Amino acid sequence: MMPVMGIDAIKEIRQAEQQAEEIKKQAMEKAREILRRAEEEGNRFLVEVTQQAQQERQQFMRQAEEEARKEIEALNQKAEEECQKIRQMAQAKLDKAISLIMGKVVNMHGHS
């Protein structure tokens, strides 16, 4: 028969093992919870970064469109000014041509 002290020692060892097992179980649960939270935070961060990138992209596109619109307006204005100059030059040449023709017609009829 085992002495009482030996049985008590075995019970203490078993109890210590159970406590160690419980501590290990709690540590594993805590580790899983930390990993779950980290994954959630990572996903949340990814969503935020994606949204921010989309907003920046949209802002960049708006700026590019605005700059392109201004450039187009400037080019249209310049083209209109050039067209106006060409019209004025053409009108001046047309007036001169009409004067020359009228002068020749008058001279021709004046000499007949």
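Everything quoted here is computed from the prediction, not taken from an experiment.
Taking the side chain as every heavy atom from C-beta outward, Arg69 and Glu73 approach each other to under 4.5 Å. In this structure, the side chains of Glu66 and Lys70 come closer than 4.5 Å at one or more pairs of heavy atoms. Considering only heavy atoms from C-beta on, Glu39 stays 4.5 Å or farther from Leu35 through its side chain. Gln55 is not listed as a side-chain neighbour of Gln59, based on a closest heavy-atom distance of 4.5 Å or more. Contact check for Glu22 versus Gln19: no side-chain heavy atoms found under the 4.5 Å cut-off.
Taken together through direct or relayed side-chain contacts under 4.5 Å among Ile, Leu, Val, Met, Phe, Trp and Tyr, Met102 and Leu94 form part of one hydrophobic cluster.
With no hydrogens or angles considered, no side-chain donor-acceptor pair links Glu80 and Asn76 at under 3.5 Å. Residues Arg57 and Gln54 bring no donor and acceptor atom of their side chains to less than 3.5 Å of each other.
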Could you walk me through whether Glu41 and Arg44 satisfy the salt bridge (charged side-chain N to carboxylate O under 4.0 Å, His left out) test, starting with their C-alpha distance in whole Å, then the side-chain angles of each, then the deciding distance to 0.1 Å, before giving a yes or no?
CA-CA 5 Å; Glu41 285 297 316; Arg44 201 170 12 255; 2.3 Å; yes
How far apart are the C-alpha atoms of Arg36 and Glu40, what are their side-chain angles, what is the distance that settles it, and do they pass the salt bridge (charged side-chain N to carboxylate O under 4.0 Å, His left out) test?
CA-CA 6 Å; Arg36 185 187 63 77; Glu40 285 177 1; 2.4 Å; yes
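Other residues, nucleotides and ligands place no more than 12 heavy atoms under 6.0 Å from the CZ atom of Arg37.
Atom CZ of residue Arg62 and atom CD of residue Glu67 lie 13.0 Å apart, to the nearest 0.5 angstrom. In this structure, the separation between CD on Gln91 and CD on Gln84 is 10.5 Å, given to the nearest 0.5 Å. Interatomic distance, CD of Glu65 versus CD1 of Ile72, reported as 10.5 Å (0.5 Å rounding). Once rounded to the nearest 0.5 Å, the distance linking CG of Asp8 with CD1 of Ile13 reads 11.0 Å.
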